[in-house]
Amino acid sequence: MHIAEGFLPPAHAIGWTVAAAPFVVHGARAVVREVRENPESTLLLGAAGAFTFVLSAIKLPSVTGSSSHPTGTGAGAILFRPPVMALLGTVVLLFQALLLAHGGLTTLGANAVAFAVVGPWTGYGAYRLTRALGAGLLPGVFVGTVVADLATYVTTSLQLALAFPDASGGIPAAVAKFLGVFALTQIPLAIGEGLLGVLLFRALTAN
Amino acid sequence: MSGLAIDDAAWSSAWRRRSPADKLVLCLGLVVCALALPAWPGSGLVALTATVLALGPARVPPRTFGRAVRWPLAFIGVGALTAVVQVGGGGLGWAPDAAARAGSLTAHAVAGSTAVLLLATTTPVSDLLPALRRLGVPAAVVEVASVVYRLLFVLLDSLRTIREAQTARMGHSSVRRSYRSSGALAAAVLVRSWDRARRLQEGLAGRGMDTGLRVLPEVLPSSRAFLAATLVGLGAIVTAGTVLA
Amino acid sequence: MSHRTLAGTGLVVGYDRARPVLDGAALTVPAGRRLAVLGANGSGKTTLLRCLSGALRPLAGTVTVDGVPLRHSRAGLRAHRQEVQLVLQDPDDQLFSASVAQDVSFGPLNLGLPEETVRARVAEALALLAVDHLAARPTHQLSYGERKRVAIAGAVAMRPCVLLLDEPTAGLDPSAVAETLAALARLEEHDSTVVMSTHDVDLALRWADEVAVVVDRAVVQGAPLDVLGDDVLLARARLERPWALAVGARLRELGLLPGGTLPRDAASLLAALPDRPGVPT
Amino acid sequence: MSHRTLAGTGLVVGYDRARPVLDGAALTVPAGRRLAVLGANGSGKTTLLRCLSGALRPLAGTVTVDGVPLRHSRAGLRAHRQEVQLVLQDPDDQLFSASVAQDVSFGPLNLGLPEETVRARVAEALALLAVDHLAARPTHQLSYGERKRVAIAGAVAMRPCVLLLDEPTAGLDPSAVAETLAALARLEEHDSTVVMSTHDVDLALRWADEVAVVVDRAVVQGAPLDVLGDDVLLARARLERPWALAVGARLRELGLLPGGTLPRDAASLLAALPDRPGVPT
């Protein structure tokens, strides 16, 4: 779930935008460099962005009968590396806000931190760590995508908790509340996304 | 039929030929009002203005606008409820000013969301990308974004068709099968996206692509009347929003 | 697998009720008869086939198999899909597995059949489409014509009673068209009723037992010689009269062709013409 | 822009020198003449066109424009692209912009032309292809046939002397084919020489001034009535004899068609036939 437009107080919206900026600018620099050396990579990067957008449009069934959409942050990070994902992820979030009404413009920074920075980096880190511990590609992908999905929603929960501290318990209580609503419920869906990641990479290696 | 209702609305909106800069001034102005003004009556005025403008002069189909609002509404509902539930005393309860806080949060968010939706349903993304360039975003990044915009429709088409073909062959008849089919679907679309990029690269090389994807910007002149009305309207909302609050 | 009669009546199909793609269309696919669905691009041919296959739920109207209406419930669709299969035009959007055999096995595996049976069905489908030599090849290495036939094999492996093919010959050269038509003839012998959509009136004339023209959001169905000889209807449908009918009719006026049905292609026209000059029959 | 003669001689093209796709192919596109390149799927038609356009560097042989050989340097290719443009079969391989007018402006801008000139060229190209009404529409909402014509407009805006079209009519219904052919005729009046590849022998017969058949990794070029009447060659190329030639030849034997060239399509065949029975000319 993306934080909707207008949901965050102005100071928070600005703060998260500032926080996201260095990562997105870093990603943009990487893209500019890549395109200067290799003009055709514009099309490859565009295709990678389009794929990330479309990946989050895949409907995954859940055991409870409802369905969910993958975040795509983990698979994207493993495929395209986190710095590039910081930029592509932000472009995708902008498109989701404008084409699907998911998220918003003033909340783009906050959503970028969760979906394009924290999710990809932790997911990629978990993937590398798992591989370094001797696991194969598919277990690595599973851990990476599950961690990326969960980290994304944990970040969203923290962002909301900081904006809306609990009336009596303060920020810690608010963290517990939002984690309970936005992250705990996400665990089965994160496992689902992990399975999808494994099936995706298995199909890719079979090709 | 491109399949993204908001995008279809933007291309056929009565405001399609208006300058993207004009529409940005109006919509971002409304977004700022939604954020900065007190919820009552500021947010109400913003939401009302955005909705009336979209359904009235911009002629956005009400069904599209209504369906598009449902997404943010779901998040806003859950988020606002969570925010005003109080943890303490060994249980959950309502915070003292729960109704007021939830109302204010919802009002701000609904107002902001409708303001962005006004922009989204009247301005195709490809009209907004040149504005990013003017805001200092590097040309290479804007070009990547424009390729994303073009290719995502091509890939969405593939996604839908492959999924339909899988469904016809019972690929989504159980949760387990559906997962396996979705994995194959994601992989197939990824392979398509690489293939598309490679083929497009060849196709564009023949048209002399040396440096970038430069195209002729469309001339959508700014309207003084529109800008003046925007400023007057925003001024009125700010005045009413502060005086009546 | 046996021939079944698939039909649609009063079909209103589209995304927007105010401007449906089809409005009150009716069509019958008689068991065991070759039906060609003709129409210009954008006329609604594909929409009609998708509706008959159950992929698209009509806003109004009914689809029936042997008179039994299709219900759009999970179970209803499941049953329908075992009887009616649709193969879309672009093979790339239907092949999603790594290898040909794997792709063709997708449907039978999803039916929960035992591995032995699946293996047999895959082998049978590949043989019917004459693509058995490609079984182990990766799908992306195939030519366009090969991919089209593998996509058909994927549907055939479900053993449908009715097989709907959207533009199965589009983009194929003459020899690939001939191979596809030969494969379809084998399918008929295996008791599948075959429907194809096309905008090639000459092909429809020489292949079909019946034709259905999608025109003005409705369907006009009839015998090929009647429907394809109706210039007013064809003009409305933005189609052309098949050359064989145009030329054949004139040659009959000139007394060069015998009575009975007009020849449907070049070979039979040449065979029907007299051998020597000046001997009209 | 003026007609130029594009030619290739001794072309060896392919990825693998041991098994080239074309081996010693030669082809001449005479200035201002319509050339149809015929061949079965996979015969090497597309490879030949890509080689002529400069997109693919031959392993051996030369491509010339008015006798001047193409050099595969950056500058050489740049100059060549201004004279020869290739339009690929799948329009999605060339359309990268969401807006039709912007996409068409891409080529002229790459030529370094001033904005005013580019604008005029875009308008001209859209008008020649009769797609000016689509200028403000998004690419992703266009039909396949519309996208094909916009892709051609993108090449036309570069004002090439020779325009190479890979299967421009594949997948189009009869009325869209007619519109495309009408657009090509306008291009010729604008002094572009037009080459199209196709596997539709009937279309080649009625459209082309000359035909070139890609067969056995080489090219056989000649007058349509000669080449398309050569059954041995056509069989080797896995193509069919056009029905108009088959039927026309027989009708001439029967004394029903006058001397001179045989009719190339149904309309001219009907016009050439006598009006009443028993009056052979």
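Labels below follow one simple rule: chain letters A, B, ... track the order of the sequence lines, proteins then strands, and each chain is numbered from 1. Fair warning: this is a prediction, and the values are worked out from it, not measured in the lab.
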Quiz prompt | Under 4.5 Å from any heavy atom of chain B - which part of C:Leu77 | solution = neither
Quiz item: Quick one: do C:Arg119 and C:Glu115 make a salt bridge, cutoff under 4.0 Å?
Solution: yes
Quiz item: Is it the side chain or the backbone of B:Arg192 that comes within 4.5 Å of chain C heavy atoms, both, or neither?
Solution: side chain
Quiz item: Between the side chains of B:Asp7 and B:Tyr149, does any donor sit under 3.5 Å from an acceptor?
Solution: yes
Quiz item: Hey, is B:Arg16 close enough to B:Glu218 for a salt bridge, meaning N to O under 4.0 Å?
Solution: yes
Exercise. Taking only Lys NZ, Arg NE, NH1 and NH2, and the carboxylate oxygens of Asp or Glu, determine whether B:Arg169 and C:Asp103 approach each other closer than 4.0 Å.
Key: yes
Quiz item: For the candidates B:Ala168, B:Ala184, B:Ala165, B:Ser174, which exhibits the highest count of non-hydrogen atom pairs separated by less than 4.5 Å from chain C?
Solution: B:Ala168
Practice problem: Just give me the residue among C:Asp92, C:Leu111, C:Leu109, C:Leu95 that pairs up with chain B most often, heavy atom to heavy atom, under 4.5 Å. | Solution: C:Asp92
Practice problem: Quick one: pull up CG in B:Leu128 and OG in B:Ser146 and give me the separation to the nearest 0.5 Å. | Solution: 13.0 Å
Quiz item: Checking C:Asp16 against chain B: side chain, backbone, both or neither under 4.5 Å from a heavy atom?
Solution: neither
Quiz item: Where does C:Gln94 contact chain B at under 4.5 Å (heavy atoms): side chain, backbone, both or neither?
Solution: both
